Visitor: 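Let me give you the structure first, and then I'll get to my questions.
Here the structure is a predicted model, which is why all the values come from computation and not from measurement. In what follows, every chain begins at residue 1, and chains take the letters A, B, ... in the order their sequences are listed.
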Number of protein chains: 2
Amino acid sequence: MVYRPPVAVLERRAELRECLVAQATAIVAREGWAGLTVTAAAAAAGISAGALYKHFPSKASLAREVFNRAAGKEVDVLAGALADSSSPDVVSRLGHGVATFAWRAVRGRQLAYSLLVEPVEPGIADARLALRRRYRDVFAAVIAEGMARGEMLDSQVPEISAGALTGAVAEVLVGPLSAPVSGPAAELVIGQAIAIALRCAGVTESAPIHDHRRRP
Amino acid sequence: MVYRPPVAVLERRAELRECLVAQATAIVAREGWAGLTVTAAAAAAGISAGALYKHFPSKASLAREVFNRAAGKEVDVLAGALADSSSPDVVSRLGHGVATFAWRAVRGRQLAYSLLVEPVEPGIADARLALRRRYRDVFAAVIAEGMARGEMLDSQVPEISAGALTGAVAEVLVGPLSAPVSGPAAELVIGQAIAIALRCAGVTESAPIHDHRRRP
DNA sequence: TGAAGGCGCGAATCGTGGTTCACTTGTTGT
DNA sequence: ACAACAAGTGAACCACGATTCGCGCCTTCA
């Protein structure tokens with residue numbers, strides 16, 4: 001009990017930790033998990049590889065924190081868009097949510113790929129699982145609501161359709177075949193993605209299809 | 001010119017090479033690419049790691065051959081199912097193709113995952129890309145035909161819908177959230193997958209939906 | 001002022017998995 | 001019988017990235 005670091009030091013320490021997470025996230029968003037080495041993350045934050053272990057017990061721990069923060073933010077944004085009550089009908093809300101998801105995936109393509117698709121080290125596999133489950137559940141809830149209101153096909157299983165929807169949109173936007181898109185091409189692809197998502201969800205009438213697209 | 005191996009030796013050599021490919025494929029089908037080490041593949045074929053290099057210049061070369069053979073077979077089977085002219089209407093053919101794809105994915109789950117989703121070493125990335133492109137093109141051709149015949153929504157872009165269809169089905173069947181299924185559960189999931197695929201493809205009328213399911 | 005820690009450094013260590021290499025064994029052609 | 005050569009062995013080598021460790025430096029508390 002002879003040493004109790006003062007607030008300033010604690011703050012600096014916390015700041016450095018934040019910096020590590022931020023830089024690591026930036027690396028993943030730029031190069032994917034493959035680019036996230038202890039050396040690279042530490043260097044980006046201006047410290048040596050060894051010093052990183054004063055802040056995280058292992059690389060896996062750092063990676064988990066990076067993943068969970070980014071993933072949490074993504075799901076929150078999506079959930080927010082899906083809950084947006086400005087348009088009461090479920091179909092519009094779903095379209096709005098998919099549009100949000102799609103635009104974010106296109107703009108942060110590598111990050112979206114890293115979160116959703118890229119293989120990760122064993123230590124994060126469960127986090128990946130949790131993320132996908134959250135995505136699925138969030139979409140599934142909307143689909144279930146749509147079914148209850150008769151706006152969507154009722155012979156479907158919401159969880160399965162929700163999974164398919166996620167897979168379809170992800171494949172179109174960040175799948176290995178989809179080149180990075182921007183500008184008018186992005187609007188076309190995203191428009192198609194939204195239409196496909198609505199079909200996946202079994203939207204019954206030939207949808208009104210407003211402009212779900214949300215520009216950045 | 002003093003040594004010309006006799007036919008028997010050449011045969012044995014070719015046989016061993018085949019054995020290596022077969023064993024390596026079995027390993028991938030069982031444990032995924034992560035399990036495919038030079039040592040393991042060589043041991044499975046009954047030789048040492050060093051000897052493997054008398055048959056393949058590198059591990060990447062072996063892996064490529066494993067990938068290309070398995071992938072080629074899968075696409076061929078799918079293309080065959082889609083071309084099956086026993087049912088003339090495009091929608092039935094598509095359903096039949098998806099059912100084939102789905103059953104194969106469920107029965108050879110790890111292999112399907114390894115071919116479609118699991119990250120691979122750089123040396124096979126292009127082969128993966130080619131496989132997905134072939135899947136997409138094969139489905140896109142059917143969708144284009146359906147559009148031409150007025151059986152499918154004509155505001156779609158066949159290549160995009162085909163990609164989405166592949167992503168959706170893959171996600172439902174071998175995605176990280178889908179537990180291995182078998183028996184009645186498999187029939188339910190596959191039935192849903194087929195229905196979703198048809199919706200993705202923009203099948204217009206509320207499809208007749210025969211029994212597309214093909215039991216093993 | 002000095003003992004006690006925390007922090008950071010950077011070199012050493014470790015583990016893993018692909019690749020190489022000198023050597024043995026067995027077979028072919030003269 | 002012998003030179004030439006392929007297949008196979010198994011140990012050594014190598015690259016890479018995570019992790020550890022001993023050492024200064026600096027700050028806090030008595």
Visitor: Run the side chain to side chain contact (heavy atoms under 4.5 Å, CB included) test against A:Ala44 and tell me which residues pass, sequence neighbours left out.
Guide: A:Gln23, A:Ile27
Visitor: May I ask you to decide if A:Leu36's main-chain N or O and A:Lys59's side chain share a donor-acceptor pair within less than 3.5 Å?
Guide: yes
Visitor: Can you pull the ring pair (Phe, Tyr, Trp, His ring centres under 6.0 Å) pairs that have at least one residue in residues 162-194 of chain B, sequence neighbours excluded?
Guide: none
Visitor: For B:Glu74, is there an ion pair with B:Arg104 - N to carboxylate O distance below 4.0 angstrom?
Guide: yes
Visitor: Taking the basic N atoms (NZ, or NE/NH1/NH2) and the acidic carboxylate oxygens, is any pair closer than 4.0 Å for B:Glu121 and B:Arg64?
Guide: no
Visitor: Restricting to side chain to side chain contact (heavy atoms under 4.5 Å, CB included), what partner residues turn up for A:Thr37, sequence neighbours left out?
Guide: A:Thr39, A:Ala40
Visitor: Only counting residues at least two apart or in another chain, list the ones meeting salt bridge (charged side-chain N to carboxylate O under 4.0 Å, His left out) with B:Asp126.
Guide: none
Visitor: Checking side-chain contact (heavy atoms from CB on, under 4.5 Å) for the pair A:Val169/A:Ile196: CA distance, chi angles, key distance, verdict?
Guide: CA-CA 8 Å; A:Val169 174; A:Ile196 290 169; over 6 Å; no
Visitor: Give the residues of residues 14-25 of chain A touching DNA chain C, defined as any heavy atom closer than 4.0 Å, sorted by residue number.
Guide: A:Leu16
Visitor: Where along residues 43-53 of chain A does a heavy atom fall under 4.0 Å from DNA chain C?
Guide: A:Gly46, A:Ile47, A:Ser48, A:Gly50, A:Ala51
Visitor: Check each residue of residues 54-71 of chain B for a non-hydrogen atom within less than 4.0 Å of any atom in DNA chain C, then write out the ones that pass by number, or none.
Guide: B:Ser58, B:Lys59
Visitor: Dot-bracket for DNA chain D, 5' to 3', counting Watson-Crick or G-U wobble pairs under 3.5 Å, with [ ] for crossing pairs and | for inter-strand pairs?
Guide: ||||||||||||||||||||||||||||||
Visitor: What pairs with B:Arg134 under salt bridge (charged side-chain N to carboxylate O under 4.0 Å, His left out), at least two apart in sequence or on another chain?
Guide: B:Asp76
Visitor: How many Å lie between CG on B:Leu10 and P on C:dT28, as a whole number?
Guide: 11 Å
Visitor: Which residues pass the side chain to side chain contact (heavy atoms under 4.5 Å, CB included) test with B:Phe56, not counting sequence neighbours?
Guide: B:Arg17, B:Leu20, B:Val21, B:Leu52, B:Ser61, B:Leu62, B:Glu65
Visitor: Within the structure provided, determine whether B:Met147 and B:Pro158 are in side-chain contact (heavy-atom separation under 4.5 Å).
Guide: yes
Visitor: ring-ring contact (aromatic ring centres under 6.0 Å, His included) with B:Tyr135: which residues, sequence neighbours excluded?
Guide: B:Phe101
Visitor: Tell me every residue that passes side chain to side chain contact (heavy atoms under 4.5 Å, CB included) with A:Ala201, counting only those two or more places apart in sequence or in another chain.
Guide: A:Leu94, A:Ile143, A:Met152, A:Leu165
Visitor: Can you check whether B:Arg13 has a side-chain N or O nearer than 4.0 Å to OP1 or OP2 of D:dA7?
Guide: yes
